[in-house]
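A short worksheet on the structure shown next.
The figures here come from the full heavy-atom set of this structure, side chains too, leaving out hydrogens, waters and symmetry mates. Below, chains carry the letters A, B, ... as their sequence lines are ordered, and counting in each starts from 1.
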Amino acid sequence: MSALAASVGTPSTAGAPLIVGLVALPMAAALAAVLLRRRAASAAVLLSAPILVGLAFAAAAMVLSTGSPIECVLGAWKPPLGIVLRADGLGTAMMVVTATIASAVALFAAATERRGAAMRGTAPGSSLNDAGATPGPADPPPGDHSGGPAEAGGEADGGGERQPDAAPERASATFWVLLASVWGALNLTFIANDLFTLFVALELLTFAAVPLVCLAGTPPALRAALRYLLLAMAGSMLYLLGVALVYGSLGALDLSLIAELIAPGTDSAPRGVLLLALVLATTGMLVKTALVPLHAWLPPAHAGAPPQASALLSALVVKGSWFVILRLWLTLGEVPGGRTVAFALAALGAVAILFGSATALRQRSLKLLVAWSTVAQIGYLFVAFPALVAAAAPTLATEALRGGMLQAISHAFAKAAMFLAAGLLVERAGRDRIDALGGAFRRMPIIFAAFAIGGLSLMGLPPSGGFWAKWLLLQATIGVGAWWLALTILAGGVLAGAYLLRVLRACGAEAPADLGADRAVVAAPAAAIAPDRLRTAIVLGLALVSMFLGFAAMVPAERCGVRRLLRSEPITQLDRPIEVLPPPSTPHGAAEAAP
Amino acid sequence: MTSATLFSLCSAALVGIGLFGLLLHQDPLRRIVALNVLGAGTFLLFGAIARRGAVDGLPSDPVPQAMVITGVVVAFAGSALAVSIVRRLAALDALDGPDGPDGPDAPSSIEPSDDAPRDASARGSGDSDGEVGGKSGAGSTGVDDAPRRGVNGGAFDGRPRRSSIEPDGRASMEGR
Amino acid sequence: MIPALERAVELAIGAMLVGLALWSVLVRPRFASIVGFVVFGLLLMLAWMRLGAPDVAMTEGAIGSGLAGFLLLSAAARLRCSEIRRARIGAGEPQRARDRSPRRSSIVALGVGCAAVAAALAAAVAALPHPAPSLAPAALERLPELGIGNPVSGVLIGFRALDTLVEKIVLVVALVGVWGLAAEASWRRAPSVDPSPEIEPIRFLARALPPVGIVLAIYLLWRGATEPGGAFPAGAILAAMAVLVLAAGLGRLPPTAARSLRLAICAGPLVFLGVGGLGMGVARGFLDYPAGFEVLSIKLIEVLLTGSVAVVLLLLVAGPPEEAASANGMRRPEPPL
Amino acid sequence: MSAIVPGPGGAALLFALAVPLAMLAACLRASCRPAIFRCLGLAALPALLAALVDVGPDAIVVDPAGLQLTLGLDRPRAILLGATALLWSVAGWYAPTYHRREGRGGLDDRDGGSLAIAWLACLAGCIGVFIAGDLVSFYAFFALASLPAYGLVIHDRSAAARRAAGIYLLLAIIGEAFLLLGFVLLAKGSPDASLRISTVVAALPEAALRSQAVLFLLLGLGMKAGLVPLHFWLPLAHPAAPMPASAVLSGALIKTGIIGLIVMLPFGAATASAGVGAAGAAAVVGQSASGAIAQWASAWSAAIVAIGFITAFAGAGLGFVQSNPKTILAYSSVSQMGLIVAILGAGLAPAAATDSTNGPGESIRLVASCAALHHALVKGALFLGLGVIAATGHRRRRAAGVAMALLALSLAGLPLTGGALAKLAAKPIFGAGIAGALAFGSAVASALLMTRFVSALASIVGPTRSATAPIGLALPWWILAVGAFIVPWIVLPSATEVPRGAAFAPGALWDGLWPVILGALLAEGIRRSRTPLPRIPEGDIVVPLERDLPRLTAAAEGFAGALDAATRSWRGGGIALLGVLVGLIALALVGLLRG
């Protein structure tokens, strides 16, 4: 039984306040952002960001040092009745990743807002503050030139035909609430050890992600958001059907308890029902993870959203539902018949890799190319599932798990960097067309370098995280004897190289303006061309993290130990489920006054 | 045939009907109705399972009931958000955009609307295609949907929708 | 009742449920389908009563069919207006893709697929283990600690408090998402329900019903600790009353930026979070109520939750703030069909 | 991390790597690129120094979690590092003057900045490949050597350069993918987690997937070394690059593939395991096991020898029909690499393990690296010489012409040259049988090709009749030409136990001379008879490939387009969702029934 916490009688482990803070703080920040108005809203979220990063790293350090997961029993009611938040190696690793990327995106959004305000010639604070409680419409500053952060990536060309809107208060106020909600939902998803808590966490994630897509307010973005919302809700209902069947057959919702109940020894539960539950829940989550053929909502949704929203969506939100599938398969994976379904998932993953990359190669819009690249990279997350449930070879399972996690993490960093860089490139080029990117190499070399580094990490060149992920995934798939999967993994890397080369060649081409010196450059005034230092640093930083993630994967266990961090305890060694506490002695009973 | 099994069969039927309705209809409101039927079916399954878990003191297990209450509220929030998006699209007269209508004739995602290269001078105050990110990049179709109109739901421009091939950046369309 | 009669009633309810669901999915006119759905929701309340879940019946009735029904009906009315307006302008819109009858083969494929899923589900449910595992005994045994009589409220506020807390935040985020959909210019205006004061019955009901509704809501809230009831049904009924009043054009909502409105929205979840956090220090863990003060803290949370739920549900039904009345021809929708 | 304080050897290696990387970093600032470009020649000198210092194979060992990442040099790698470092230095010294004279480079590269960046990156990669002692660093440096070479090839920005660079990069990326799979298979064979090349290759013969490992290694490294049928990028890329770049591409970068084969093919596998097998207690089992290994080794030996000689003869034949001297040299590189691979293949056979002092595999590795040394210096000198001849008038070309002729014929094994020494060293490995005859035939073919090259020299038009090449071109070239003759005499006798005297024995002189004479007469005969030579375009099989590649990709695009269109509509997405759901349920049922 894990060590008792300092406060007497509480069954949670020492680190409990850390993980509670990681869930409660972002939600409190979201509520604060709703309560306070815009300037204070962004301040509330920006203030909570460093604290959350600190908490995430502290939780990871604690899990590493003690070697056992942090468990926090909510309200001192133990499973099966109560809920346990359990942060094991996988959970803390993903929380650290979420904290880093979310705070980077927050800084990027703040910098974009400041820049948007600066370009509108108003002091950063002034036009953003409120017109007080009076309902009068805020007087729109005359013909503001470039939209705010979320206004379709700060469109550069004249705002002429767009109605002279007020400072983009709607978009930025909403963005900060949604950012905090996504952050809280993801943290809860990574440490929830209860099937229904996972459902609620994913619903919060979806309801925060859909408005992110709608921030641009343009018809295609709204249509994409509607499709995403309807499919996600259908997926949630399928997931709930799975939860109902699991509860119906086992009477428990806690993952550790379920693993205990279906351990090979006990044969109480009907295996067929559990397998159907697993299939229903997995399909429900596949809709949200946009695995081919359920991918159609992702490209328009992610490409239509403003750059920082797309970065959040592609890097993190998609990983939330994948993580739920991973948890389900780590718990219920060894149900008989699971192996065939796992191979089917791997086959879908392989199709996703090839189809996503091929379509990305054919796109003409830069953001759509990056979005289709997400569809392809999601395929990598499912390729190792057959090895994951290969109960026979535990080393194979850990390799598959570490490969999948590393792929998720390095893709998160690389895709965040690529979407932010793409946003800046498109903002400068004025049009979201790859062939309009000419001259980007000369004008924005560092942003170009960041996009290229992110691409190289996706291709899987050492020392990037992508390389180690491919290395481990290849070992896992070959271990299972699935050569067609191994070759698909490699083909994915080559195709990623192909569509990256296409963008890099377009950026390297001579810009039309450079050729005809006299032609007026349509892009926004010079001030808007070179993105400020902070945004460039953020984009480059994210790309470099993805590129040098490989070192973290190699560093020996006792140091940073990503290898151990990414190891979730194989199912059989789960510590005994925390038995129901004996009803506490006198203190409660006496004080109970009959209502 | 206890009430639990009867209602569980009923819930299975409702799930089937809900899924069928969701995937059959084009009209977003009909899809939301079908989604709610699917939700009702799912929660009815929880109810049947709760009923099976009845104990002498309780007619049905409280834990699934609590889950259903939470689920119903979440499903309602989802429906409200979906309806708001539909209302917004209706206000923009953009309900059935390129990826709205069914069938394979929906233009493929690759060819942009304006193949004809335009030099900068003809782009006027802001060409419909020039809008960054949001519109032209969005929609898995790179295609121009109905020409742009003021965001406050101005009247429909009365011209048949432009096919995706013909460039529509003419100045006359601008400045409604 | 005699068991045979009970079975017959349940069979009838089940059959009607499936029939109504099929009808609302297959019938052509949108309006009829929504009305069918509302009736389906009411019937569902009966089914939940038969399943021995009164709390769920109330919540399903109030939120599932009541507010959702109103939401869909008002949306249908708006869509109807925009379609009439477009037809009136003679847009010469090519035959709308929506009316083109979808290919027969894809409908059959959908039907067979859905039937297969339903069959698999039915088979799985039939195969559930017979001494059904249940948490009812455990819940009953631990209920006294919370000082609550109603087990469902106990689970909602006590044992699985985190789910309820997160669900509240889901509501608030959905509301922020809905407001985010407003046009840039009207972002700061007040959301509104489409008032139609000219209809006499609505005006009468708007005056007669709210007092009854409020009393009922308070009763449900107060008795929720021991009898079926609690924060959600009470909040839903309050929201329904407010919608009725707004629909009759007797009141106006404050603008979205109003501090009072935002405070009302966030009060419930913030207090819940605060008390939960307090539990970390004082009681045995997050979301645990300080010893001896459970009843008090639960009551405080329930009251504030009811208020917040009512406001949020109302605003969700009202939807994103629209432009000023005059600017948009859609403000005066023709009477819905 | 275990001790990474390098000894003197380690310091030399790190310094050799650090100098080019530091200069590359300095290139980030645009202002100092011209300065860096001018002293490009200095970049490789530390590497030359490191090659001369006796650095042990384990100079630096970093051992995170048992991976044993090592840097070090053993004799074959030191020989090749020294040769390529010398070539890089001389070509680096040559490049600025060449660049200034030719005024080449696209609009934005007047100062040679982009050439310097690509040059330094490839140099660092090339050095790294020679000193890498484990799979991951080898793969990382291999990628660093091959991808930036795109910058060298495309430097002139001409249409041919773009096409050649595109094809090169695509093949380089595909090569990387195959190499990654080969390394994964190697790593899977090795017992512990160590990725050190020596341990992994030692474990290769017993590995379960040994044939697949060798196959993918051959694909990955062979593509780099230009083995048929993956050679077609080489005759396109090398001529397209500016002269110094062609010299290093053909002389040094091609050797990264060769060193890979030298280090990773299991030479002396049969004898080593036979020894172990016999000594082992289960002698009988050991015997049959080592018998199987011997049989496996000889099968692969035959295959590699075949590939080697096919490449040798194909290179010579295809080169003969070319008219552009640079293309002839490129095909000559293909032919020579084929010969070296044939040597390696012959060395793989169990019989070939000569009982030399330094272990069974070592002597073969030394012979191959010496042959590679000779080719690097001569080919580099030939390419640079072309630049010199192009810069001198007809009347002044006599001395340069004679030197070029001697250099060219030394490739064919002209007595008293490095080529003859290499041929002598390789003779015992080929033995007397078919391999020996083929080796002799390849000498004739090389002579044929080189005579064609010498006659093609005349077609180069000088600026004016009596112009003399600037000192900046002539001096480095003469140094390299002289080195190409002297260095083999210093290195080969000690490395390959061929006594110096043996080269002067009359038998050896005649054996070396008459194939050269035969080749020369044949070439002269064909030239005089004016028989119409078949017109084969540069890159031979790439032309048909480029023609029907679009047909292949069209099919893939058709499928991707159809899937995209099908799933984009709502109805299509719905059927996809149901398809996945029902499909997975059916598969689950099947999996369940199968138990």
Which atoms of [X] come close to chain B, meaning under 4.5 Å heavy atom to heavy atom: side chain ones, backbone ones, both, or neither?
X: C:L175; value: neither
X: C:A124; value: neither
X: C:L140; value: side chain
X: C:A109; value: neither
X: C:P191; value: neither
X: C:A122; value: both
X: C:V317; value: both
X: C:V176; value: neither
X: C:L20; value: neither

Of the listed residues ([options]), which shares the most heavy-atom pairs with chain B below a 4.5 Å separation?
options: C:D163, C:I34, C:L22; result: C:L22
options: C:A116, C:A132, C:G154; result: C:A132
options: C:P151, C:A119, C:A174; result: C:P151
options: C:V170, C:V125, C:L135, C:V117; result: C:L135

Within this structure, what is the CZ-CH2 distance for the pair B:F7 and C:W48, rounded to the nearest 0.5 Å?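 Reported to 0.5 Å precision, the distance equals 10.0 Å.
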
Pairwise distance CZ(C:F31) to CG(C:L79) - rounded to 0.5 angstrom: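 Here the rounded value is 12.5 Å.
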
Would you mind reporting whether [Y] and [X] have side-chain heavy atoms less than 4.5 Å apart?
X: C:T164; Y: C:R160; answer: no
X: B:R87; Y: C:P320; answer: yes
X: C:I13; Y: C:L44; answer: no

Region of [X] that comes under 4.5 Å of a non-hydrogen atom in chain C:
X: B:F20; value: both
X: B:V63; value: both
X: B:I49; value: side chain
X: B:R30; value: side chain

Grab the two heavy atoms, one from B:L14 and one from C:V18, that are nearest each other, plus how far apart they are.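 Minimum heavy-atom separation between B:L14 and C:V18: CD2-CA, 4.2 Å.
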
Ignoring hydrogens, what is the shortest heavy-atom contact between C:L316 and B:A77? Give both atom names and the distance.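 It is CD1-CA, 4.2 Å.
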
Which residue, B:L19, B:V15, B:L24, forms the side-chain contact (heavy atoms from CB on, under 4.5 Å) with C:C114?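 When side-chain contact (heavy atoms from CB on, under 4.5 Å) is applied between C:C114 and each of B:L19, B:V15, B:L24, only B:L19 qualifies.
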
Best-contacting candidate, [options], against chain C by heavy atom pairs under 4.5 angstrom:
options: B:P59, B:G21, B:A66; answer: B:A66
options: B:D56, B:L45, B:V37, B:L6; answer: B:L6
options: B:V72, B:T70, B:L89; answer: B:T70
options: B:V55, B:V73, B:L23, B:T5; answer: B:V73
options: B:A82, B:A50, B:C10, B:A13; answer: B:C10

If we ignore angles and hydrogens, is there a donor and acceptor under 3.5 Å between the side chains of B:S11 and B:S8?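 Distance-only check fails for B:S11 and B:S8.
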
Does this structure show an ion pair linking C:R30 with C:E83, if we count only N-O contacts that are shorter than 4.0 Å?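 A salt bridge links C:R30 with C:E83.
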
Tell me every residue that passes ring pair (Phe, Tyr, Trp, His ring centres under 6.0 Å) with B:F46, counting only those two or more places apart in sequence or in another chain.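 Per chain and number, B:F46 pairs via ring pair (Phe, Tyr, Trp, His ring centres under 6.0 Å) with no residue.
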
Does the side chain to side chain contact (heavy atoms under 4.5 Å, CB included) test come out yes or no for B:R51 and C:R50, once each step is laid out? CA-CA 9 Å; B:R51 185 81 177 101; C:R50 287 307 308 160; 5.9 Å; no

Step by step, work out the side chain to side chain contact (heavy atoms under 4.5 Å, CB included) result for C:I157 and C:L305. CA-CA 11 Å; C:I157 292 291; C:L305 277 188; 4.2 Å; yes

